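To start, the structure itself, in structure tokens.
Given the structure is predicted, the values throughout are model-derived calculations rather than measurements. When a residue number appears, it is its place in the shown sequence, counting from 1.
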Amino acid sequence: MGRRVLRSAILLVFCASALAFKEHEFKKCAQTSFCSRNRNVQQGANFEIVPASIVLNTATLTATLINQPASKHLQLTVASHADGFVRVQVDESPSVGRYQVPTDVLISGWENKKQPFTETGRTSSKLTLATGEDTKVELTFQPFTLAIMVKGQPALLVNSRNLFNFEHRRTKQDNDPAGYWEETWQGHTDSKPKGPEAMSLDLVFPGFQHVYGIPERATALSLKATNGAAPYGEPYRLYNLDVFEYLDDHPFGLYGSIPVMLAHKKGLTVGVFWLNAAEMFVDVVKSRSEVGTQWIAESGIVDLFVFTGGSAPGVLASYAKVAGTTALPQLFSLGYHQCRWNYKDEADVKAVDGGFDSHEIPYDVLWLDIEHTNGKRYLTWDSSLFPSPVAMQEDLASRGRQMVTIVDPHVKRDHSYYIFAEAEQQGHYVKNKNNNDFDGWCWPGSSSYLDVTSPVVREWWAAQFTVDKYKGSTKHLYIWNDMNEPSVFNGPEITMPKDNLHFGGVEHRDNHNLYGVYYHMGTAEGLKLRGSQLDPENGDRPFVLSRAFFSGTQRVGPIWTGDNAAQWSHLKVSVPMLLTLGLTGLPNSGADVGGFFGNPDAELMTRWYQLGIYYPFFRGHAHLETQRREPWLFGPDHTARIRAAIRGRYALMPYIYTLFRFANTTGMPILRPLWFEFPEAEDLFAVEEEFMVGPGMLVKPITAPGVSSTDVILPAGARWYDAATGAAVTAKNRHRVQVTMDAIPVYYRGGHIVPRRERPRRSTAAQASDPYTLVVALDDKSEASGSLYVDDGHSFAFQRGLYLHRSFSFSNLKLTSSVHVEPGVPDGTLTVPTTIERVVFLGLPPSRRGYKALIGGKRSEPLEAGPLSMVAAPGSEHALVLRKPDLPVSHDWVIEIVTA
């Protein structure tokens, strides 16, 4: 939360006093030297390949790239990897020492898995290479261009518009233009001691009309062109910043950055990832024949991964080989979280917790914001407000619930505060340009910032989270990292000066976008350390929420979309924001339900909960100055609707947890745009007003007030069933449906089996022994498939095979359960005592005699018309239900459907 409304008179000097986005506080391209001198400037013709320098060594090509006017040489490296990508690097001589993103941001193992090149053609002007079955690389010498073809189609062109540039390190000259060696913004001067070292990448996607990615920003799913009317005459920016009450349709970058873009058209998807953590601007220019992009980074090197898998799942699987997959979360973290800045004291905590039980609304986690601390000293408690934190946490845990406390990266400069004193003594803080500890302002006032780019500092920081160090903590306490862009109230653009110094003498300009993920990593390692001390055999999966992020954050924990507002427009834009995060490898994300700022009315709050139950991370949160908005405070009718929505989340928990297991093993997103599941349907490529939850459910949010009917797109090529009634619905581009305040339109997709748990409980822990319901939605062939993943929900024992994963398949009127086999993943060995208590069939053809089920070829049970859900409204009996089959979840079985 970028909360800059302060009660301290001193901090008010540095902070905004009104609740509004202040665009003038942040730079645009024209006000940024490296961007303005490269944007739309054709310098690419200056760069040529020296043919005689080309060396092809199996899977790696190297060559000298010359900037002719400057007489400067660069090293070009093109490598082919077996995991479905080509890597393109451009650097100066290693002796120059330009910054490269450290390897710990990525995962290991892919570097040496190469795919050999085959030279298929060479002339005096170009060289053509083939790799794998579907990929070709064509290198043109003068001027330098690089083309990548996939499946016989051009997929990516580099420098086809002559916008490539690479600024060399140089010594300062008297006639150097302004901004090369020093730059001032709103009273802050960046000394820029290394001078200009920007790069421009000219990437064109020929034959494409849609590109996606480069989060985070509140904008469309299919990225709009940036050469149009304001505000889209401004390029997209990737620079992690504390943006206060952001706008809902704007190219401005927010709290995190993932320099990944996907281009999709009928028959082909391609992806790119520029591994660079400096400030970056990206222009998107569209024509009828292509999408052109220009990427401009302030420093570092060109390190471009081109993913050639050909499909969206293929691209994301390849990206996951480099950046990693999603950490498997604890089961409780997928339940509902209740947060506010701030719950005042232990009595307030007890009252809120009790309110959920008295109103029979499930939830799993209660959160405490900065006011719980002793004077904004993190890892401490205000003893007057929270005198018994251990007892408070144990009381919550007795009802299966957890607590989260906030821990921000700024450390109060107070020698009586043990964290500050010990870190100062050991030299663990970020330095200013004069190599003294940097002093910036944030919530505590004068603050130091841990240099978490150092592995030593991260190890020290992790050690602070053991229960003997973090006094008042227990195994039921988890962490929230906010303000980790990092936010500095009196810094340029509310962040650190770029000439600050990090571990190894690295300037902050080089690794700014990494600071948040490193802080996130260090904190998560602390919870792992605590867990391993309390349970040496199995440990405890960390739960740490972060606001700032970069590539690799998915391996650490979830993020949320920051300081949104209680506006219908922010409810609406949350969908493309979360879809974009999933498409760029970070699916464990959510938006604050109800909006952080402002006071939502009952209708907005209800609609937000009805959508929020499908967010991968599901939390309600509110600003200090908003009215209280616990779910039961909007009147009895809306309380009933919100209760039903949140219970709906808990009913879907088996399906959601199973989707997270696939995200953990394959890199697939939880929420998916329609085109991801229907990649040939061109009319779906820009659809963002509805989405898929995994492959088996479609959701259409209501994002405007007073709506009584809405258009729903039900893609052709699938059968659809109303999730409230089980009724079959005809697929068509625009399906007009009536809606009430009781629910939003949700559909099961034919061909999929969705596991559920339908008994109302107070938390995920209370569901642990509950039986399951299977919803079997049949396709046009009367077939369906799905799976169920189960483990202990909290430890790392699943990595040793202590999990259960079952596959369900319906074909030829037989429903079977068998062990789920996934390539590269060891078989599970866990056995659980739970059973299947209901099987709901949607789409069985009518039969005059009715149906019955033969279980194990012997026991005969009738299939009865009934409601799809145990809690469905009367009159929704469009399903055929097998009641009480008592099928063991852990074992194989067969159900055969026959006429009665």
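The side chain to side chain contact (heavy atoms under 4.5 Å, CB included) test with L586 singles out one residue from L578, T580, I559, and that residue is I559.
The aromatic rings of Y657 and Y789 are tilted relative to each other, their planes meeting at an angle between 30° and 60°. Aromatic ring orientation, F85 versus F307: perpendicular (interplanar angle above 60°, classes split at 30° and 60°). Note on ring orientation: taking the six-membered ring where Trp is involved, the planes of F685 and W675 are perpendicular (angle over 60°, cut-offs 30° and 60°).
In K700, the NZ atom is crowded: over 12 heavy atoms of neighbouring residues, nucleotides or ligands sit closer than 6.0 Å.
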Quick one: side chains of residues 880-887, donor-acceptor pairs under 3.5 Å with protein atoms, not counting sequence neighbours, listed by atom name and distance.
unit_1	atom_1	unit_2	atom_2	d
R883	NE	E864	OE1	3.1

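Salt bridge present: D791 and R541 bring a charged side-chain N and a carboxylate O closer than 4.0 Å. Remark: E677 engages R749 in a salt bridge, criterion side-chain N to carboxylate O under 4.0 Å. Ion pairing between a basic and an acidic side chain is recognised when a charged N comes within 4.0 Å of a carboxylate O; R719 and D779 show no such pairing. For the pair D742 and R641, the salt-bridge criterion is met [side-chain N within less than 4.0 Å of a carboxylate O]. For E758 and R838, the salt-bridge test passes: some basic side-chain N is under 4.0 Å from an acidic carboxylate O. For the pair E783 and K781, the salt-bridge criterion is not met [side-chain N within less than 4.0 Å of a carboxylate O].
Every pair passing salt bridge (charged side-chain N to carboxylate O under 4.0 Å, His left out) that includes a residue from residues 804-823 is listed here, sequence neighbours excluded: R806-D892.
Looking only at distances, a side-chain donor or acceptor of W720 sits under 3.5 Å from a matching main-chain atom of P715.
Looking at residues two or more places apart in sequence or on another chain, you find a ring pair (Phe, Tyr, Trp, His ring centres under 6.0 Å) between Y609 and Y336.
In this model, a donor atom of one side chain and an acceptor atom of the other lie less than 3.5 Å apart for S787 and H805. Checked by atom type, the side-chain pair T584/Y212 shows no donor-acceptor distance below 3.5 Å.
Both tests hold for R661 against Y803: distance to the six-membered ring centre under 6.0 Å, angle to the ring axis within 45°.
Under the 4.5 Å side-chain criterion, counting only non-hydrogen atoms from C-beta, L842 is not in contact with L778.
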